[in-house]
Asker: 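For reference, the structure I am asking about is given below.
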Amino acid sequence: MSAEKTKQRMVKGSDLLIRTLEEMSVRTIYGLPGEENLDIVESIRNSKIDFEGTRHEQSAIYMAATSGRLTGQPGVCMATCAPGSLNFCNGAAYAFLGGMPLVMIGGQKPIKSSWHGRFQQLDVVSVMRPITKLSTQIVAAQLIPIAIKEAFRIAQEERPGPVYFEVPEDIAAEECEEDELW
């Protein structure tokens, strides 16, 4: 085997996230950019997906939930770490009670190592469990495509509703070999 064929292509977690959302026919993500999701925002910028910036996370989630209600396809919204993601709670309950397909992406401080200690780090995954169909944290970049496809399946299956997944800053920036994914 030649050296060229054995060389693997590296891809960032945030690029995997956005590529998978494109495969799921997502056209728009509503939300707020912030430190914990800057890699994701940059990947959106280089994609076909529109990013609709909002002034508050509640605006983003209500826009995404309404999009899901009107189209039957999960609306997608994004927030930064704990204080931002916690602002999704009212909208998540609205989508849960109304049977609206919705995928929420929450940012989080790095989980493998952190310069800030536990500053602004809360267990949002646990907070979201009672008002979502699924609430989870992605812990490795190569798991992102599987997690997103599962989130969309769960959000759309009968009775439709919200799904929350958290993408820590270091997982969004993490690189993995593309061949590891399949």
Side-chain angles (χ1 to χ4, degrees), residues 10-24 26-65 67-68 74-92 95 102-128 132 134-152 155 162-176:
M10 300 299 282
V11 61
K12 280 177 47 174
S14 61
D15 292 333
L16 287 174
L17 172 70
I18 299 308
R19 183 186 315 159
T20 308
L21 290 174
E22 285 177 327
E23 287 175 21
M24 303 307 292
V26 171
R27 293 183 182 168
T28 306
I29 297 174
Y30 304 95
L32 281 126
E35 177 185 345
E36 294 76 26
N37 61 20
L38 285 179
D39 281 305
I40 297 170
V41 171
E42 182 64 17
S43 294
I44 294 169
R45 193 178 69 79
N46 295 316
S47 76
K48 295 176 184 173
I49 296 175
D50 291 325
F51 181 77
E52 289 292 328
T54 60
R55 291 180 183 231
H56 196 276
E57 293 85 1
Q58 284 185 347
S59 299
I61 195 167
Y62 285 115
M63 293 166 81
S67 173
V76 179
C77 56
M78 183 174 69
T80 61
C81 69
S85 294
L86 287 175
N87 285 326
F88 278 164
C89 289
N90 285 343
L102 173 68
V103 172
M104 299 171 278
I105 304 167
Q108 184 56 276
K109 294 290 185 183
I111 58 171
K112 294 185 177 181
S113 64
S114 178
W115 294 84
H116 304 292
R118 298 191 53 79
F119 177 70
Q120 289 193 343
Q121 205 166 14
L122 292 172
D123 186 1
V124 180
V125 172
S126 292
V127 171
M128 289 293 187
T132 60
L134 173 71
S135 182
T136 190
Q137 181 184 73
I138 299 175
V139 296
Q142 63 266 29
L143 299 175
I144 290 174
I146 295 165
I148 293 169
K149 290 174 184 175
E150 182 72 356
F152 271 73
V163 171
Y164 175 81
F165 67 92
E166 194 169 77
V167 183
E169 188 178 351
D170 54 348
I171 303 304
E174 183 177 80
E175 291 191 342
C176 64

Asker: Counting N and O atoms only, with roles assigned by atom type, does the side chain of S67 sit under 3.5 Å from a partner on the main chain of M63, one being a donor and the other an acceptor?
Answerer: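 Pair absent, no side-chain N/O of S67 close to backbone of M63.
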
Asker: Rounded to the nearest 0.5 Å, what separation is found between the CD atom of Q58 and the CG atom of L86?
Answerer: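 Taking CD in Q58 and CG in L86, the distance rounds to 11.0 Å.
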
Asker: I'd like to check P162 versus M104 (side-chain heavy atoms, cut-off strictly below 4.5 Å). Are they in contact?
Answerer: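 When only atoms from C-beta onward are counted, M104 and P162 do touch, with a gap below 4.5 Å.
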
Asker: I need the minimum non-hydrogen distance between I138 and A140, along with the two atoms involved.
Answerer: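 Heavy atoms of I138 and A140 come nearest at CG2-O, 3.4 Å.
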
Asker: Measure from the side-chain N and O atoms of D170 to the backbone N and O of I111, and report whether any donor-acceptor pair falls under 3.5 Å.
Answerer: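 Checked: pair present.
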
Asker: Quick one, T54 with S59, criterion side chain to side chain donor-acceptor pair (under 3.5 Å). Give me CA distance, side-chain angles, the key distance, then yes/no.
Answerer: CA-CA 6 Å; T54 60; S59 299; 5.4 Å; no

Asker: I'd like to check L17 versus F165 (side-chain heavy atoms, cut-off strictly below 4.5 Å). Are they in contact?
Answerer: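 Counting from C-beta outward, L17 and F165 do come under 4.5 Å.
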
Asker: Any Lys/Arg nitrogen of E36 or K109 sitting under 4.0 Å from an Asp/Glu carboxylate oxygen of the other?
Answerer: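 Salt bridge: yes.
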
Asker: Indicate yes or no: at least one non-hydrogen side-chain atom of E35 is less than 4.5 angstrom from one of T80.
Answerer: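 When only atoms from C-beta onward are counted, T80 and E35 do not touch, as no gap falls below 4.5 Å.
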
Asker: How about I29 and I18: do any of their side-chain heavy atoms sit closer than 4.5 Å?
Answerer: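 A side-chain contact under 4.5 Å exists here.
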
Asker: Do Q108 side-chain atoms and L122 backbone N/O form a donor-acceptor pair below 3.5 Å?
Answerer: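 Side chain of Q108 to backbone of L122, a donor-acceptor pair under 3.5 Å: yes, one is there.
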
Asker: Check whether any side-chain N or O of N37 sits under 3.5 Å from a backbone N or O of L32 as a donor-acceptor pair, and report yes or no.
Answerer: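 Checked: pair present.
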
Asker: In sequence, state the C-alpha distance, the side-chain angles, and the governing distance for D50 and T28, and then conclude on side chain to side chain donor-acceptor pair (under 3.5 Å).
Answerer: CA-CA 5 Å; D50 291 325; T28 306; 4.5 Å; no

Asker: Give a yes or no on whether a salt bridge exists between R45 and E42, defined as a side-chain N under 4.0 angstrom from a carboxylate O.
Answerer: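 So R45 pairs with E42 through a salt bridge.
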
